[in-house]
Engineer: 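Quick one: the structure is below, and I'll ask about it shortly.
Worth knowing before you read on, the calculation uses all heavy atoms, side chains too, and leaves out hydrogens, waters and symmetry mates.
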Amino acid sequence: QVQLVESGGGLVQAGGSLMLSCAASGRPFVTVGLGWFRQAPGKEREFVATINWSGSITHYTDSVKGRFTISRDNAKNAAYLQMNSLKPEDTAVYYCAATRRTISTITGDYNSWGQGTQVTVSS
């Protein structure tokens, strides 16, 4: 299993930006698909974005399209989620995850998860 650690969360006003980072270790980072998920209090964990090993394929949930960008740097064993034009409804704990599949939007396909980082957007 790959080990993942997220960072970059915090408190930001609506319309602002944050960049989340995910540091990976334990096995070759380029061999897995990556995803970002989020979970707000009392809600199910929600898919946000995913990317394949080369970065040639990405998918986003409709609510973040045009605002969020997922990327990865395999040489640094790192993944990122750039979040712009943040809205209060983006408030959640954000998780980085790795899957043995090429790419996936399904929570159950991911076998490694980070500890999560809190993102709070005020109005």
Engineer: Drop me the distance from Ser71's OG to Leu34's CG, to the nearest 0.5 angstrom.
Structural biologist: 10.0 Å
Engineer: How long is the straight-line distance from SG of Cys22 back to CG of Asp73, given to the nearest 0.5 Å?
Structural biologist: 12.5 Å
Engineer: Supply the atom-to-atom distance Ser63 OG to Arg38 CZ, rounded to the nearest 0.5 angstrom.
Structural biologist: 4.5 Å
Engineer: Please determine whether a side-chain nitrogen of the Lys or Arg among Asp109 and Arg100 lies less than 4.0 Å from a carboxylate oxygen of the Asp or Glu.
Structural biologist: no
Engineer: Keeping the roles fixed (side chain from Gln115, backbone from Val5), state whether a donor-acceptor pair exists under 3.5 Å.
Structural biologist: no
Engineer: Ignoring hydrogens, what is the shortest heavy-atom contact between Ser123 and Ala14? Give both atom names and the distance.
Structural biologist: CA-CB, 4.4 Å
Engineer: Could you tell me whether a side-chain N or O of Thr117 sits under 3.5 Å from a main-chain N or O of Gly9, the two making a donor and an acceptor?
Structural biologist: yes
Engineer: If the condition is side-chain contact (heavy atoms from CB on, under 4.5 Å), which residues does Glu89 pass it with, not counting sequence neighbours?
Structural biologist: Lys87
Engineer: Has Asn52 got a side-chain atom pairing as donor or acceptor with Gly55's backbone, closer than 3.5 angstrom?
Structural biologist: yes
Engineer: Does some side-chain heavy atom of Val119 sit less than 4.5 Å from a side-chain heavy atom of Asp90?
Structural biologist: no
Engineer: For the side chain of Thr91 and the backbone of Val121, is there at least one donor-acceptor N/O pair under 3.5 Å apart?
Structural biologist: yes
Engineer: When rounded to the nearest 0.5 angstrom, what distance separates CE in Met83 from CH2 in Trp36?
Structural biologist: 8.0 Å
Engineer: What distance separates Arg67 CZ from Gln82 CD, expressed to the nearest 0.5 Å?
Structural biologist: 12.0 Å
Engineer: Using a side-chain heavy atom cutoff under 4.5 Å and only I, L, V, M, F, W and Y, what cluster partners does Ile57 have?
Structural biologist: Ile103
Engineer: With a 6.0 Å cut-off on the ring centroids, do Tyr110 and Phe37 count as close?
Structural biologist: yes
Engineer: Could you check whether any side-chain N or O of Thr58 sits under 3.5 Å from a backbone N or O of Ile51, counting only pairs where one atom can act as donor and the other as acceptor?
Structural biologist: no
Engineer: Keeping Asn74 on the side-chain end and Trp53 on the backbone end, is there a donor-acceptor pair under 3.5 Å?
Structural biologist: yes
Engineer: Closest approach of Leu18 and Gly8, non-hydrogen atoms and distance?
Structural biologist: CD2-O, 3.8 Å
Engineer: Let me confirm one number: the OG1-CD distance from Thr105 to Glu46, rounded to the nearest 0.5 Å.
Structural biologist: 11.5 Å
Engineer: Using the side chain to side chain contact (heavy atoms under 4.5 Å, CB included) rule, pick out the option among Tyr95, Trp113, Tyr94 that qualifies with Glu6.
Structural biologist: Tyr95
Engineer: Under a single-linkage definition using a 4.5 Å side-chain heavy-atom cutoff for Ile, Leu, Val, Met, Phe, Trp and Tyr, are Tyr80 and Leu4 assigned to the same hydrophobic cluster?
Structural biologist: no
Engineer: Does Thr50 offer a backbone N or O that forms a donor-acceptor pair with the side chain of Tyr60 under 3.5 Å?
Structural biologist: no
Engineer: Could you state whether Val93 and Phe47 fall into the same hydrophobic cluster, counting links through intermediate Ile, Leu, Val, Met, Phe, Trp or Tyr residues with side-chain heavy atoms under 4.5 angstrom apart?
Structural biologist: yes
Engineer: With sequence neighbours left out, which residue pairs that include part of residues 11-22 fulfil the side-chain hydrogen bond (donor to acceptor under 3.5 Å, both in side chains) condition?
Structural biologist: Ser17-Asn84
